[in-house]
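Inspection log for the structure reproduced underneath, given as structure tokens.
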Amino acid sequence: MTRPLRIMKFGGTSVGDAACIARAAQIVAQAARDSSIVAVVSAMSGVTNSLVAAATRAQSGDRDEGARLAGELRRQHELAIRALVPQQDARASLLRQVDEHVAEAQRLCEGTALLRELTPRTLDAVSSLGERLSAPLLAGALVQAGICAQAVDATELIVTDSHHGGAEPLRDLTRARALSRLQPLLQQGIVPVVTGFIGATPEGVLTTLGRGGSDYSATILGAALDASEIVIWTDVDGVLTADPRLVPDACTIPEISYREAAELAYFGAKVLHPKTLRAVMDAGIPVWIRNSFAPDHPGTKITPKGRTNGGGVKALTAMSDVALISVGGPGIVGVPDVVGRTFSTTAAVRASVLLISQSSSQNDICFIVSSSDAKRTVEALREEFSQDLAHENVEHITLDPEIAIVAVVGENMRGIPGIAGRTFSALGRDNINIIAIAQGSSESNISFVVERGAMKAALAAAHREFGLGARQHGLPAASAS
Ligand code: ASP
Ligand code: MG
């Protein structure tokens, strides 16, 4: 097989309705002219949310939830099938598959309501149904477009550990299964349309890779099959210099490195699941982010080394659903192992820490967790340090929910002096107060904390300072949807 192999993943909005699915099919059909294609699909947009919400409501005993969900899913998918597949037999077979999956969703919700218990394993089974519903739809649309295509359940391909809700792939087993299942299809010129987001343990128990995990599915398969590239089709023009809803002048970055993209994903730029690039780092396979609503736009290419834009800073990102916790007081110098105890406590309540800052005087340790973890974390800390609080060795454990993290990202910032200085002077000129600062030793990210109300202004100031804007390059600003 001499044709290059490309993995094409379509996100939820890119298969959001019949028109979007038809557009995705056109993109695949065109690419299939000169390469072998494996398509990977997300659930139609909103479907996974509905599934998770229904299962959660069922858990509190609502017996009608299953039927309600079934009605909603059936309506949405049948509508798309009727628009996409005029041919009677094909349509009937697709409608039958929808029925089966919808019935399964209903049964699972009814079982959950009966038991008033929702195990992670059951939640995975419910939330996987969106992809199992959408993959046959795209396959059907491809067949309509004259392409041989077949829906394939990723439980047959991606072998994972049993960590429900965030499973990790087992590389060798996945490679063996993916090759033996997909290679014969590709050799016959068939486009496999694989369900994103899901996998199965070696024993065959269904798992999911975590919300947004279809991107990861695409790179896992790309690595397993030694693909020449992976294209993530989404609803924005690639990776942008900043969120265009916050910075109207943001524009697409033509090429960035794995590390930069991962850093952006981790700090809340929603284009990629944070684990996506892990799967392809060793093999160095390029990953494109492109807009299925604007397929002529070249998008962003993510490569091992990226390409410099001359300035060091590539992009900005921000997170506002976070809270600042601080543990401190002059007495903490004398408290044994404050740092160790603080972070073993956060670990014990499974709060993930997004940023840490401690001054060398040790008066204060402050760190950031996501808002949903904040209350739990503070309570656990007050408990852990109750003695020290009583003796006033630790004076305060406080929570500030009204903050945001802004991060300045760029791999080539390393070794370029003055970037932190320029960032903070720019903010200072605009009267933006900085609450805390952190820079990882990788030097590809400088993060700082500001009041939530100042986040937008902070982004604008840094974006301007580093000349990231479209207008500064004489380009049109990115279109955001
Ligand atoms: N459908 C899943 C979710 O919404 C996975 C994905 O879209 O990537 O989280
Ligand atoms: Mg997604």
Side-chain angles (χ1 to χ4, degrees), residues 7-17 20-21 24 38-56 69 72-73 76-77 80 98 101-102 104-105 108 118 120 122-138 151-155 157-158 160 163-169 193-200 206-222 230-236 239 261-262 265-266 268-280 287-293 321 370 372 481:
I7 314 288
M8 293 200 155
K9 180 260 173 177
F10 293 89
T13 48
S14 300
V15 292
D17 59 24
C20 296
I21 296 175
V38 173
V40 175
V41 275
S42 288
M44 293 176 80
S45 56
V47 169
T48 314
N49 284 343
S50 303
L51 290 162
V52 171
T56 311
L69 174 70
E72 181 186 326
L73 292 177
Q76 183 173 6
H77 291 85
V98 168
H101 290 130
V102 165
E104 187 175 345
L108 287 164
L118 180 60
T122 305
L123 182 59
D124 271 358
V126 177
S127 52
S128 73
L129 284 161
E131 274 71 11
R132 296 161 83 195
L133 281 160
S134 65
L137 255 64
L138 179 58
V152 177
D153 207 310
T155 50
L157 310 174
I158 296 181
T160 71
H163 192 290
H164 287 285
E168 276 300 328
V193 181
V194 179
T195 55
F197 183 48
I198 67 186
L206 185 143
T207 54
T208 66
L209 305 172
R211 292 304 308 272
S214 300
D215 297 334
Y216 196 23
S217 307
T219 51
I220 291 168
L221 289 174
I230 294 152
V231 187
I232 310 261
W233 290 98
T234 177
D235 57 4
V236 288
V239 179
Y266 185 71
K270 295 260 159 34
V271 276
L272 268 188
H273 187 276
K275 289 181 187 167
T276 309
L277 297 166
R278 273 191 210 172
V280 290
V287 178
W288 288 88
I289 311 287
R290 297 187 60 183
N291 190 348
S292 70
F293 298 84
D321 48 353
S370 60
S372 57
S481 48

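Remember, it's 1-based here, ligands and their atoms both numbered in the order they're listed.
Looking at Ile220, Leu209, Asp215, Ile289 one by one, the single match for side-chain contact (heavy atoms from CB on, under 4.5 Å) with Thr276 turns out to be Asp215.
Heavy atoms of Gly212 approach ligand 1 to within less than 4.0 angstrom. Distances shorter than 4.0 angstrom occur between a heavy atom of Gly213 and an atom of ligand 1.
Heavy-atom proximity to Ser42, at under 4.0 Å, picks out these atoms of ligand 1: 6 (C), 7 (O), 8 (O). Close contacts of ligand 1 with Ser214, meaning ligand atoms under 4.0 Å from a residue heavy atom, involve 5 (C), 6 (C), 7 (O), 8 (O). The contact set between ligand 1 and Arg211, taken as ligand atoms under 4.0 Å from a residue heavy atom, comprises 3 (C), 4 (O), 9 (O).
In terms of N/O distances under 3.5 Å, ligand 1 is not approached by Lys9. For ligand 1, the polar-atom distance check against Gly210 finds no nitrogen or oxygen pair separated by under 3.5 Å.
There is no side-chain donor-acceptor pair under 3.5 Å between Asp321 and Ser370. Inspection of the Thr207 and Thr160 side chains reveals an N or O donor paired with an N or O acceptor under 3.5 Å.
Going from atom CG of Leu129 over to atom CZ of Phe197 covers 10.5 Å, rounded to the nearest 0.5 Å. In this structure, Ile232 CD1 and Ser292 OG are separated by 12.5 Å, a value rounded to the nearest 0.5 Å.
Distances from atom 5 (C) of ligand 1 to the heavy atoms of His273, Met44, Glu131 put Glu131 nearest.
In this structure, the side chains of Lys9 and Ile230 stay at 4.5 Å or more apart for every pair of heavy atoms.
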